Every structure is written in C-alpha cells, then in structure tokens.
> 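Below is the structure I would like to discuss, written out as structure tokens.
This one's a predicted model, so the numbers in the text were calculated from it and none came from an experiment.
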Amino acid sequence: MRICTWNINSVRLRLPLVLKLLDEYRPDVLCLQETKVVDDSFPTAEFRDRGYVHIQIHGMKSYNGVAIISRLPLEGGDVKHWCEKQDCRHVLATLPGGIEVHNLYVPAGGDVPDPAVNDKFAHKLRFLDEMRDWFPANRSKDKPMVLVGDLNIAPLEHDVWSHKQLLDVVSHTPVEVEKLTALQDSLSWVDAVRRFVPANQKLYTWWSYRAADWEASDRGRRLDHIWVTPPLAGSLTGYQVLREARGWEPKPSDHVPVMVDLAV
DNA sequence: ATGTCAATAAATTATTGA
C-alpha cells in the first residue's frame, strides 16, 4: 500500500499536477492539505475518473482544507475540531485492515515565535498540546494507524538548511520541536521517512516561494511528515520525497509530495 | 531574510495568510 501526503496550496489551481502525481506514482491513498475549497466545489469527478472513488473531504472557503483520496475503500470518515475552531485542519478514515489514517494541517504559527504577542503561534502550540492529549486518551499505540500531513515543524537538526540560523524561526524553535516530540512520544509514533534516511542527512519537503532560485540556494525545511504506530513499523518497505515536484510546471506548490510504501 | 504566492472582495488593487 502506497500512502502519499502533499500540501497542494489550492487543489483547483493545481489539479493538473495532482493528476500527474496520481498517473505517475499511483498512490493508493493521497492526503492533501490546503485544498482551499468548500466541499461542494471540490473536483471530485476528476479523481473518480481515475479510480479514486473513495473520498473524504473537509474544506472551507479560502483557507486550510484537507482531503483523503483513495482507490481503496474508506470507512468511518470523520473530522475533528481543535482549539474550539471549525477550520478544517483534520480528516480521518479507516482503510482495509483497520488502518486508521489521520490527515492533519497544523497551524503555521505566524512570524513571531512568542505566544504572548502572536496569537497564531499561541494557536499552534495549543493545537499541538491538544493532539498530544487526544491521541493517548482516544487511541492505543497497538492500533495500526498512519498520521500524515503538513505539521509545519521541522523537528531534527538536519530537517532544515541551517539549524543555527533557524532556531528563532517559526517551524524550528525549541518549544515547537518539544511539543511535536511530545505528540510523537504519546503513542510511540514512528517517523516513517527517517527510518530510511539517517538523521545526519539533510532532507527537505518545502522550499519558500521567496527564494530567487530555490534549487540553487536549497534553503529547505522538512515540514511534511508520515508517522505510523508500532504495529505498522515493520511493514515499511520504501519512501519517496518528490523533490522534482518543486519545479513542476506551470505553477508548483511550495511543498512536495512525500510517500511511503507499506507491505500490508 | 522579507524577496513570492493564492484567494477574496472590490474594481486594477489592497488585504490576509502562508
């Protein structure tokens, strides 16, 4: 089973790129974030035509929005709300074999890494705390689960182009990393991609639009993640981070697809 | 390091969020 996650930054604008991904890499399950579209306007037909007939969407106007698009049957589709907001940052569904997929879009957190003066950063930290509490209270680490999405945090030193220069930059500050790690530890989640890429090797999934030449400067961050619970860890057989997709024409997302293969 | 995108509401240009 191949599971892919991609922050698409408008699914309607980049629909041709999404279809290219499906045609060339044939994931069984595609999880999108930042779809930026209400459910009624989601381009469902184009996915159905390609055999992706099982779709769980949770979108809103302009911002955020998540979707699970699958060739395999989905059951028990649901959404969760965090921080007393209905802002479309989470959708979940169950795959054959009882594998529960959680697709998440963690708040970006604004620019100033101080919750006292920046409400967006405070929201991000609260969101992480709520997830850290929710998963162990409602799920067991013995349940086969996959958590994917744009977590908007690059936790490891080599998940960013310069650990030192990004210590004060939202996405790599110690307080965010600590909270993401606490969430990971809460159900013994395994960082699937880092099972294949050693922690001392640079690995990025996002490059800013603001760079004059993203490829030459290569100032990336690993913000997009795939985690699995312990029962699935032994089934991981491969991964791909589609760096090339950062250059896909005509208009690439600033994030690239991340996928893993599971022998289930 | 403050550069670029995308969506929206309003009317070719500003705002907001990332």
> Does A/R221 qualify as a cation-pi partner of A/W206, given the criterion of NZ or CZ under 6.0 Å from the six-membered ring centre and within 45 degrees of its axis?
no
> Could you tell me how far apart A/W214 (CH2) and B/dT4 (C1') are, to the nearest whole angstrom?
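In whole Å, B/dT4 C1' lies 15 Å from A/W214 CH2.
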> Give a yes/no on whether any side-chain N or O of A/S208 is located under 4.0 angstrom from OP1 or OP2 of B/dT4.
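Result: no.
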> Using whole Å, report how far CG of A/D254 lies from P of B/dA6.
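Distance, rounded to whole Å: 9 Å.
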> How close or far is atom P of B/dT16 from atom NZ of A/K36, stated in whole angstroms?
15 Å
> Between the side chains of A/D129 and A/R132, is the shortest nitrogen-to-carboxylate-oxygen separation below 4.0 Å, so that they form an ion pair?
yes
> Toward the 5' end of DNA chain B, which comes first, A/D150 or A/V11, by nearest nucleotide?
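Going by which nucleotide is closer to the 5' end, it is A/V11.
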> Assess A/K202 against A/W161: is NZ or CZ under 6.0 Å from the centre of the six-membered ring, and within 45 degrees of the ring's axis?
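No, a cation-pi geometry is absent between A/K202 and A/W161.
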> Using a 4.0 Å heavy-atom cut-off, does A/A108 contact any base of the nucleic acid, only the sugar-phosphate backbone, or nothing at all?
sugar-phosphate
> Which heavy-atom pair separates A/E176 from A/V169 by the least distance, and what is that distance?
OE2-O, 4.3 Å
> At less than 4.0 Å, is any side-chain N or O atom of A/R14 found next to OP1 or OP2 of B/dA6? Yes or no.
yes
> Distance check needed: B/dT16 P versus A/D87 CG, whole Å only.
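From A/D87 CG to B/dT16 P: 19 Å.
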> Round to a whole Å and report the spacing from CG of A/N9 to P of B/dA18.
11 Å
> Quick check: on DNA chain B, is the nucleotide nearest A/K120 upstream (toward 5') of the one nearest A/T35, or the reverse? Name the residue that is more 5'.
A/T35
> Measure the distance from OH on A/Y209 to P on B/dA18 and round it to the nearest whole Å.
14 Å
> Calculate the interatomic distance between A/K124 atom NZ and B/dA18 atom C1'; express it in whole Å.
11 Å
> Can you check the A/H255 NE2 to B/dA6 P distance for me, whole Å?
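One finds 13 Å between P of B/dA6 and NE2 of A/H255, rounded.
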> Say you pick atom P in B/dT15 and the same atom in B/dA10; how far apart are they, in whole Å?
14 Å
> On the nucleotide B/dA7, are OP1 or OP2 found under 4.0 Å from the side-chain N or O atoms that A/K61 carries?
no
> Does A/S10 have a side-chain nitrogen or oxygen under 4.0 Å from the phosphate oxygens OP1 or OP2 of B/dA7?
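Answer yes for this pair, as a side-chain N or O of A/S10 is under 4.0 Å from OP1 or OP2.
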> Counting side-chain heavy atoms from CB outward, which of B/dG17, B/dT8, B/dA18 is closest to A/Y63?
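It is B/dG17.
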> So, A/R219 and A/D213, do they make that salt bridge, N to O below 4.0 Å?
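Here A/R219 does not pair with A/D213 in a salt bridge, since their nearest N and O are not under 4.0 Å apart.
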> Identify which nucleotide among B/dA18, B/dA6, B/dA7 has an atom closest to any side-chain atom of A/K251, counting heavy atoms from C-beta outward.
B/dA6
